[in-house]
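Report on the structure given below.
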Protein chains: 2
Amino acid sequence: MATLNDVAKRTNVSKMTVSRAINHPDQVRPELRDAILQVMTELNYHPNAAARALVGRRTRVIKLTIFEDMDITEPYYMMLLAGIANELNQHQYALQIATRNSYEVGECDGYILTGIRDSDAGWVARLDQPVVFFGRNRQGYDYVDTDNFQAIQTSTAYAAQAGYTYLVFVGIAVAEPFELDREQGFQEYVTSHQISAQIIRLTNHSHSATAYIKKHWAEFPPNTAFICASDRLAIGVETAIIDQGGQVPSDYGVIGFDGVFLNQIAAKRLTTMKQPLEEMGRAAARLLLTKIAHPEMSQASHNQEKIIINSRLSVAESTR
Amino acid sequence: MATLNDVAKRTNVSKMTVSRAINHPDQVRPELRDAILQVMTELNYHPNAAARALVGRRTRVIKLTIFEDMDITEPYYMMLLAGIANELNQHQYALQIATRNSYEVGECDGYILTGIRDSDAGWVARLDQPVVFFGRNRQGYDYVDTDNFQAIQTSTAYAAQAGYTYLVFVGIAVAEPFELDREQGFQEYVTSHQISAQIIRLTNHSHSATAYIKKHWAEFPPNTAFICASDRLAIGVETAIIDQGGQVPSDYGVIGFDGVFLNQIAAKRLTTMKQPLEEMGRAAARLLLTKIAHPEMSQASHNQEKIIINSRLSVAESTR
DNA sequence: CAATTTTATGCAATCGCTTGCAATGGCTAT
DNA sequence: ATAGCCATTGCAAGCGATTGCATAAAATTG
């Protein structure tokens with residue numbers, strides 16, 4: 001592996017000049033700089049990341065920490081990951097994946113955190129680098145999220161206007177901000193519009209939705225719409241309806257949330273609130289890189305940065 | 001941040017002794033070593049990865065390279081990733097995600113490659129570190145894979161024994177080893193058992209399967225079983241059958257491949273060839289770490305290491 | 001044209017850690 | 001008792017890059 005010195009000797013300059021040719025190109029005479037760059041490619045020179053990290057105290061590595069008790073195999077995370085990776089790569093940063101028990105392995109310049117529970121607050125507070133959350137948090141950290149409250153209101157309104165007269169919110173049984181916002185958005189809408197409705201809370205698996213809906217089938221008369229907190233739940237609901245002989249979308253409507261590719265493989269392609277996950281991932285990465293580049297900014301003002309990217313209702317075959 | 005020196009001063013030894021207490025514990029007097037470890041936790045000391053990497057020429061980072069033209073949001077990759085991450089973390093290695101255009105960002109001790117096409121051979125050959133493939137390859141690199149040939153023969157045999165008399169292989173239109181093995185496994189089975197059959201090749205999307213099956217519905221009499229090369233395709237096939245009024249599983253059988261959670265959300269839970277992706281990911285990680293630890297091994301013998309982990313047929317509601 | 005600023009380049013120190021060799025002391029072996 | 005051998009520990013060098021300061025050359029100025 002070629003080093004700075006190798007390039008320097010071959011060019012008859014000190015390694016300093018070579019270093020500058022890379023990091024401060026304007027401080028080096030143009031023709032000399034070109035000659036140096038030439039030699040660098042000839043020698044297939046690549047700066048040693050470890051040496052740079054050592055002297056510069058920056059690793060050019062960002063860690064995405066997905067906490068273990070979340071299901072890492074959700075397509076949701078994969079899309080997020082794709083967005084983050086793309087944005088970081090553009091800025092010559094590498095992406096590292098970590099879980100709670102591996103967070104100590106290797107150093108980094110900043111963290112993107114997702115799936116964090118309130119009980120992890122202490123752990124987060126101990127992190128020594130800038131942090132951006134994916135999803136709202138109660139501890140005042142910067143975050144990127146979608147407007148869950150507004151999103152559910154939009155889909156609820158859509159269901160109501162489509163003429164469904166009984167609305168069911170199928171939520172996820174966790175007391176996290178994203179879920180509370182969604183429940184509240186639903187609740188306020190049906191209350192203020194005097195619509196008959198109910199709220200169900202389940203674990204986030206399609207089969208639990210299928211089982212529940214089948215068991216309580218009598219409660220759901222024709223003209224019911226199910227507003228679900230995830231595409232997984234929505235698909236489970238749809239399966240139950242079809243199994244019970246219900247007609248989708250004429251008698252029963254189903255709306256999902258997330259907009260991962262799951263919505264495409266439902267028996268009736270799913271109407272869903274589509275989170276722009278790729279874009280949200282990019283936004284999170286950009287915000288974090290900004291914080292790293294301007295540490296004074298986050299210190300001084302100390303006000304929470306919130307980036308809200310709106311979801312969009314994608315209408316398909318599961319609603320009329 | 002505490003350094004080796006800080007710990008050394010506090011313990012009244014040279015930093016060398018501290019270093020040894022970490023890396024060669026047996027070379028340090030036990031009581032002294034305990035005292036040092038004590039101080040290390042007191043000071044919340046963590047060895048600086050950059051410094052170690054610089055002097056030791058090992059980064060403790062493994063790169064997982066998923067090539068871009070593959071759909072990174074496949075749950076398939078996410079499960080693989082989970083397996084790799086878990087295994088690496090146990091060995092104090094960090095996992096970095098890279099794509100073709102970001103492979104130069106940051107250094108690493110080894111690569112796990114997946115989704116590589118033959119045309120990328122040149123790129124792979126230029127890598128300066130040990131490589132393990134996920135999936136068979138024609139270039140002689142070590143790899144971890146499932147036995148695709150055998151797997152398809154198993155599911156084909158299962159379909160035949162279940163009494164389906166017309167068998168359709170729904171494959172993916174790429175000339176990659178995994179696909180060719182599956183087609184061949186199918187072909188040989190139906191030929192040697194004199195079963196009427198056909199092979200279809202599609203892009204790996206459920207909707208393309210749905211469209212194709214619907215369009216050619218007349219070709220598929222009752223008692224047909226579809227052996228698919230992915231769960232995505234299988235779900236698309238199932239949707240088409242139901243749309244056409246076909247009965248699953250009594251008249252039509254559907255078998256998937258992969259065993260990602262998709263199989264759970266099909267209208268009829270999918271019978272599928274379940275790849276133990278988590279375990280395969282772990283195996284790939286272990287193999288790579290072994291190669292890193294024993295460079296002489298891979299050099300000297302120079303024979304290709306193949307780890308084959310068998311898939312298992314998981315029978316559910318889409319076959320009788 | 002001498003004085004001063006600007007532009008280009010080099011020197012030396014340093015980041016935190018590990019490797020090779022030397023030094024110390026206690027203990028065994030003749 | 002003297003040589004020899006472990007077991008422990010320290011010293012110095014160096015991994016490959018960057019930062020601050022110094023220096024030389026070139027350009028600007030009154």
Side-chain angles (χ1 to χ4, degrees), chain A residues 1-37 39-40 43-61 92 94 104-109 128-129 292-293, chain B residues 1-37 39-40 43-61 92 94 104-109 128-129 292-293:
Chain A
M1 270 273 96
T3 77
L4 257 196
N5 251 322
D6 299 334
V7 179
K9 275 179 200 155
R10 197 92 133 62
T11 331
N12 291 318
V13 293
S14 83
K15 61 181 178 184
M16 272 319 308
T17 309
V18 181
S19 173
R20 283 199 189 91
I22 301 171
N23 302 305
H24 309 282
D26 52 312
Q27 294 179 22
V28 163
R29 190 159 36 90
E31 65 235 52
L32 179 57
R33 165 161 41 89
D34 292 346
I36 293 176
L37 294 177
V39 172
M40 284 191 345
L43 264 50
N44 188 30
Y45 167 79
H46 289 283
N48 180 309
R52 284 182 142 180
L54 181 56
V55 62
R57 292 127 200 281
R58 44 148 203 46
T59 60
R60 294 200 87 82
V61 169
Q92 303 275 92
E104 287 187 359
V105 181
E107 270 131 37
C108 68
D109 291 349
D128 51 333
Q129 300 286 0
I292 291 170
Chain B
M1 271 273 96
T3 76
L4 257 195
N5 251 324
D6 300 333
V7 179
K9 275 180 200 153
R10 196 93 132 63
T11 332
N12 292 318
V13 295
S14 83
K15 61 181 176 185
M16 270 321 307
T17 309
V18 180
S19 172
R20 276 197 273 263
I22 302 171
N23 302 306
H24 309 283
D26 51 313
Q27 294 179 24
V28 164
R29 191 158 37 91
E31 64 234 53
L32 179 56
R33 165 160 42 87
D34 292 346
I36 292 175
L37 294 177
V39 172
M40 284 190 349
L43 264 48
N44 189 30
Y45 167 79
H46 289 283
N48 179 308
R52 282 183 143 180
L54 181 56
V55 61
R57 292 128 200 279
R58 43 145 203 48
T59 60
R60 295 200 86 83
V61 169
Q92 303 275 92
E104 285 188 359
V105 181
E107 271 132 34
C108 67
D109 291 351
D128 52 332
Q129 299 287 0
I292 292 171

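Chain letters run A, B, ... following the sequence lines, proteins first, then strands; residues in each count from 1.
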Between [X] and [N], is there a side-chain N or O to OP1/OP2 distance below 4.0 Å?
X       : N      : result
B:Asn48 : C:dC15 : no
A:Asn23 : D:dT18 : yes
A:Arg20 : C:dA8  : no
B:Ser19 : C:dT18 : yes
A:Arg57 : C:dC15 : no
A:Thr17 : C:dG10 : yes

Checklist entry - So, do A:Thr3 and A:Val7 sit near enough that their side-chain heavy atoms are less than 4.5 Å apart? => result no
Working to the nearest 0.5 angstrom, can you tell me the gap between [X] [atom1] and [Y] [atom2]?
X       : Y       : atom1 : atom2 : result
A:Leu54 : B:Leu54 : CG    : CG    : 6.0 Å
B:His46 : B:Met40 : NE2   : CE    : 9.0 Å
A:Asn12 : A:Thr17 : CG    : OG1   : 11.0 Å

Next on the checklist: Would you say B:Asn23 and B:Arg52 are linked by a side-chain donor-acceptor pair, where the criterion is simply a distance under 3.5 Å?
Outcome noted: yes
Would you mind reading off the distance between [X] atom [atom1] and [N] atom [atom2], rounded to a whole angstrom?
X       : N      : atom1 : atom2 : value
A:Leu4  : C:dT9  : CG    : C1'   : 15 Å
B:Met40 : C:dG16 : CE    : P     : 17 Å
A:Arg60 : D:dG16 : CZ    : P     : 21 Å
B:His24 : C:dC17 : NE2   : P     : 15 Å
A:Asp34 : C:dA8  : CG    : P     : 13 Å
A:Met1  : D:dA17 : CE    : C1'   : 15 Å
A:Arg29 : D:dA24 : CZ    : P     : 17 Å
A:Gln27 : D:dA24 : CD    : C1'   : 16 Å

Checklist entry - Considering only side-chain heavy atoms of A:Leu54, which listed nucleotide, C:dT9, C:dC15, D:dG10, is closest? => result C:dC15
Item to check | Selected nucleotide, minimal atom distance to A:Arg52 side chain, candidates D:dT18, D:dG16, C:dC17 | outcome: D:dT18
Checklist outcome for this item: Heavy-atom nearest nucleotide on DNA chain D taken for B:Met16 and for B:Ala51; more 5' hit belongs to B:Met16
